[in-house]
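Input: a single structure, listed below in C-alpha cells.
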Amino acid sequence: MAAKAVFILNGPNLNLLGQREPEIYGRTSLADIETATKARAKELGFCVDFRQSNTEGTLVDWVQEADTKGMGLIINPGAYTHTSIALLDALKAASIPKIELHLSNIHAREAFRQQSVTAGGVDGIIAGFGAPGYRFALEALKSLVESRST
Ligand code: CA2
C-alpha cells in the first residue's frame, strides 16, 4: 500500500507568488516552493500532495480529504485565515496533525491580518519566514507525528 501523503494546501492568490508584492512575499514562485518542499519531504521520509485553490469550498473539501487520506496537513489559508469559519470548522473536525503556515509575519501587519480565525483548528503556527517556512512546517509536522506515535 502507498504511504499516506502530507497534504499541503494553499489558499487564494498564492498562485501569484513571485510575480507581485515581492517586498512582502518574496520572489519565489509557488512552483519553486513546491519543488523545494518536496525535496525536503523526501529527506524526512514524507510524500507530499501540494495544492492551491482560490475557492473556499474547495479548500474545505481538501481539508476533509486530507483527514481521511493523509497523514498530516500544512495549510496556508491565505486571506481566508482572517475570515473563514467554514475552514475553522473543517480543521477542527480533522484529527490528523495540522499546521497553519504564513509567509509573512501576520502579527506585524495590518490589524485585520493579526487575527487568525483558522488558527483555533490547528496544532501550531509558523509565520514570517518566507518560503523556507514550508520546510520548517514539514519539520514541525514530523515532530507532531512522532510525538503522537510514542
Ligand atoms: O503571509 C501569508 O502567507 C498570507 O497567508 C498570504 C495571504 C494574506 O492574505 C495573508 O494575510 C497572509 C495573501 C497571499 C497572496 O499572495 C500574493 C502574492 C503575490 C501577489 C499578490 C498576492
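For this chain, numbers begin at 1 and follow the sequence in order. Ligands are counted one by one from 1 in listed order, and the atoms in each one are counted from 1 as well.
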Starting from [atom], find the nearest protein heavy-atom neighbour and note its residue, name and distance.
atom                    : result
atom 9 (O) of ligand 1  : R113 NH1, 2.9 Å
atom 6 (C) of ligand 1  : Y25 CE2, 3.5 Å
atom 2 (C) of ligand 1  : L103 N, 3.4 Å
atom 21 (C) of ligand 1 : E21 OE2, 3.6 Å
atom 19 (C) of ligand 1 : R20 O, 3.2 Å
atom 15 (C) of ligand 1 : N13 CB, 3.5 Å
atom 4 (C) of ligand 1  : H102 ND1, 3.7 Å
atom 1 (O) of ligand 1  : S104 OG, 2.5 Å

**Asked** With a cut-off of 4.0 Å, which atoms of ligand 1 are near a heavy atom of A79?
**Response**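 Listed by number with element: 9 (O).
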**Message:** I need the atoms of ligand 1 closer than 4.0 Å to a non-hydrogen atom of L16, numbered in the order shown.
**Reply:**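 Answer for ligand 1: 19 (C), 20 (C).
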**Prompt:** Is there at least one pair of N or O atoms, one from L17 and one from ligand 1, spaced under 3.5 Å apart?
**Reply:**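 Between L17 and ligand 1 (N or O atoms, distance only) the closest approach is not under 3.5 Å.
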**Request:** Measure up the Y134 and F50 rings against each other and bin them: parallel (under 30°), tilted (30 to 60°), perpendicular (over 60°).
**Result:**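 Taking F50 first and then Y134, their aromatic rings sit tilted (interplane angle of 30° to 60°).
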Gap separating the [atom1] atom of [X] from the [atom2] atom of [Y], nearest 0.5 angstrom:
X    : Y    : atom1 : atom2 : result
F129 : L103 : CZ    : CG    : 12.0 Å
L17  : L30  : CG    : CG    : 5.5 Å
L138 : I74  : CG    : CD1   : 4.0 Å

**Request:** Please state whether H82 comes within less than 4.0 angstrom of ligand 1, counting heavy atoms only.
**Result:**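 Right, H82 reaches ligand 1.
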**Message:** Just checking R109: does its CZ atom have more than 12 heavy atoms from other residues, nucleotides or ligands closer to it than 6.0 angstrom?
**Reply:**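 Yes.
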**Request:** Decide if atom CD1 of I85 counts as having more than 12 heavy atoms of other residues, nucleotides or ligands within a radius under 6.0 Å.
**Result:**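 Counting neighbours around CD1 of I85, 12 or fewer heavy atoms of other residues, nucleotides or ligands fall under 6.0 Å, so no.
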**Request:** Give me the one residue out of V6, L91, D67 that meets side chain to side chain contact (heavy atoms under 4.5 Å, CB included) with L73.
**Result:**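 One option only clears the test, and that one is L91.
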**Asked** If you measure from the Lys or Arg side-chain nitrogens to the Asp or Glu carboxylate oxygens, is any gap between R135 and E139 under 4.0 Å?
**Response**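 No salt bridge links R135 with E139.
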